[in-house]
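All values below were derived from every heavy atom in this structure, side-chain atoms included, with hydrogens, water molecules and symmetry-related copies excluded. Convention: sequence-line order gives letters A, B, ...; per-chain numbering from 1.
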There are 2 protein chains.
Amino acid sequence: MSNHNILIIDDEPQIRKLLEITLETNDYSVIQAETGKMGISLAANYNPDLILLDIELPDKNGQQILTELRQWYNKAIIMLSVLSNEEEIVKALDNGATDYLSKPFRTAELLARIRNAIKRNDLPNTNSILIFNDISIDLVARIVKRNDEILKLTTTEYNVLVLLAKNEGRVLTQQFILKEVWGVGSQTEAQYLRVFVGTLRKKIEENPAKPTHIITENGIGYRFH
Amino acid sequence: MSNHNILIIDDEPQIRKLLEITLETNDYSVIQAETGKMGISLAANYNPDLILLDIELPDKNGQQILTELRQWYNKAIIMLSVLSNEEEIVKALDNGATDYLSKPFRTAELLARIRNAIKRNDLPNTNSILIFNDISIDLVARIVKRNDEILKLTTTEYNVLVLLAKNEGRVLTQQFILKEVWGVGSQTEAQYLRVFVGTLRKKIEENPAKPTHIITENGIGYRFH
DNA sequence: ATTAGTCTTTACAAAATCTTTATACACTTC
DNA sequence: GAAGTGTATAAAGATTTTGTAAAGACTAAT
């Protein structure tokens with residue numbers, strides 16, 4: 001019936017086995033990852049309809065994995081944890097988790113919450129690679145290419161570029177970009193942004209003096225195309 | 001800041017009071033209903049952004065209310081209950097509840113789950129685009145097009161155009177436009193406005209000498225069509 | 001401690017926009 | 001049709017905003 005695809009990211013084999021059996025008897029197809037790193041890689045390759053993400057992982061904290069996934073993955077993510085710590089729950093939900101379930105969970109509730117979460121997936125398409133003519137941005141690998149040539153961008157340059165690219169066609173005000181990239185404290189430092197737009201243009205534009213990707217909207221901000 | 005509207009449906013006054021205080025200190029505006037029937041009526045009249053629905057109600061069962069609301073109400077509904085009964089949870093979620101929380105709930109978690117639920121409402125809240133024959137104005141993206149070609153407008157030009165377009169068909173006096181765009185200090189500087197109407201017409205009119213969009217109302221001001 | 005890489009800050013040049021002035025045109029009123 | 005009032009257009013400074021280079025500050029790794 002459903003044939004939805006679920007990715008389990010959990011380091012405990014017995015939990016994975018339990019989930020696998022439960023989900024497969026309910027017509028989900030299941031893929032599994034033992035570590036966060038492996039989970040991100042599988043998510044990028046298989047684009048599952050839902051991810052069950054354990055908070056306690058051997059390599060990275062589950063919250064970190066959640067944040068990384070949410071850079072590009074916008075389908076459902078349900079967090080699982082033995083921690084019923086309120087702070088963790090709030091953090092997970094604010095970081096973009098669809099739901100949060102404490103272990104040991106009850107099977108029927110888990111299944112109901114999975115159904116509920118998948119139901120809301122019919123939203124915008126998720127894509128881990130953004131392409132604009134000669135520029136491509138791989139959000140998973142954090143690699144930006146121009147005509148198949150890998151560009152070397154600093155962290156800040158990359159953050160500015162991704163923010164603009166994700167809002168293709170929309171004018172973003174300088175204040176908004178500053179707030180998103182530098183934080184609320186730096187909204188008046190418009191000069192930072194000018195410098196970084198300058199270096200970005202040198203790297204991604206054919207002719208930096210006549211930009212075709214990062215367009216200046218005088219008096220307001222910038223627009224990506 | 002948020003100013004989202006939340007409807008509480010619960011028969012216990014002390015719970016309502018507690019929720020009211022919690023929500024209002026977090027910048028939500030709150031309306032309350034004691035019974036399911038009253039809740040449905042308030043939901044219809046106020047179209048709140050989220051409904052907190054208790055499962056135990058004097059007149060009808062909360063599950064029933066949920067089903068009735070879901071016939072037409074498609075924003076978030078969070079169920080509250082002292083029953084941590086798995087069957088109830090599964091039923092509620094399958095009946096269309098956005099989330100289910102057992103009482104006594106923890107405040108921070110409740111607030112996080114409310115934020116999470118409201119966030120999903122806001123997604124399809126995208127474009128408001130004004131269209132007038134060959135001219136379209138996307139207020140969110142801040143982009144003006146003429147026959148699918150993006151026009152480059154300065155800040156002031158854009159402000160004047162949007163003000164006129166939002167009041168399509170209505171005559172706006174020069175003083176009013178000056179006040180709105182330049183501020184109260186410049187209401188006598190009618191010449192500014194003439195210059196900007198001139199440049200705007202050059203950009204948006206087929207024949208700027210015979211304008212069809214920005215019409216002069218002699219002695220009064222301008223009208224957009 | 002040194003170095004390489006990056007970010008912040010300063011200074012100035014370049015571009016775009018706004019304001020102001022000048023003048024021409026259009027419309028009403030007598 | 002002439003005078004007077006209001007409107008349109010062009011073009012000149014004046015001002016603001018943006019772009020670029022480069023020096024100084026910071027950070028992390030060796």
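- Within residues 183-195 of chain A, the residues approaching DNA chain C are A/Gln191, A/Tyr192, A/Val195, by heavy-atom distance under 4.0 Å.
- Counting only heavy atoms from C-beta on, A/Asn218 has its side chain closest to C/dT17 among C/dT6, C/dT17, D/dG19.
- Close to D/dA21, at under 4.0 Å from its OP1 or OP2, lies a side-chain N or O of A/Lys202.
- Taking only side-chain nitrogens and oxygens, B/Trp182 never comes nearer than 4.0 Å to OP1 or OP2 of C/dC18.
- A salt bridge links B/Asp49 to B/Lys75: one of the charged nitrogens lies within less than 4.0 Å of a carboxylate oxygen.
- The pair B/Arg113-A/Asp99 meets the salt-bridge criterion, since a charged nitrogen lies less than 4.0 angstrom from a carboxylate oxygen.
- Rounded to whole Å, the distance from CG on A/Leu178 to C1' on C/dT9 is 15 Å.
- Here the side chains of B/Leu52 and B/Leu50 are in contact, with some heavy-atom distance below 4.5 Å.
- Rounded to a whole Å, the CG atom of A/Asn159 is 13 Å from the P atom of C/dT6.
- Contact annotation: A/Thr155 does not reach the phosphate of C/dT6 (side-chain N/O to OP1 or OP2, under 4.0 Å).
- In this entry the distance linking CD of B/Gln174 with P of D/dT5 reads 16 Å, nearest Å.
- Counting only heavy atoms from C-beta outward, the side chains of A/Glu206 and A/Arg146 approach each other to under 4.5 Å.
- A sub-4.0 Å separation between OP1 or OP2 of D/dG19 and a side-chain N or O of A/Tyr222 is present.
- Listed nucleotides C/dC7, D/dA8, C/dT8 differ in distance to B/Thr216; the shortest reach to its side chain belongs to D/dA8.
- Between A/Ile215 atom CD1 and C/dA15 atom P there is a gap of 17 Å when expressed in whole angstrom units.
- Whole-Å rounding puts the B/Phe196 CZ to D/dA10 P distance at 15 Å.
- Contact check on B/Lys166 versus B/Glu180 returns no salt bridge, with no Lys/Arg side-chain nitrogen under 4.0 Å from an Asp/Glu carboxylate oxygen.
- OP1 or OP2 of C/dC18 has at least one side-chain nitrogen or oxygen of B/Thr154 nearer than 4.0 Å.
- Taking atom CD1 of B/Ile220 as the reference point, atom P of C/dC27 lies 16 Å away to the nearest angstrom.
- Using cut-offs of 30° and 60° for the angle between ring planes, the B/Phe224 and B/Phe132 rings count as perpendicular.
- Between the CD atom of A/Glu205 and the C1' atom of D/dG19 there is a distance of 14 Å, rounded to whole Å.
- Side-chain contact annotation: A/Asn133 with A/His213, donor-acceptor N/O pair under 3.5 Å absent.
- Atom CD of B/Glu217 and atom P of D/dG6 are 16 Å apart (whole Å).
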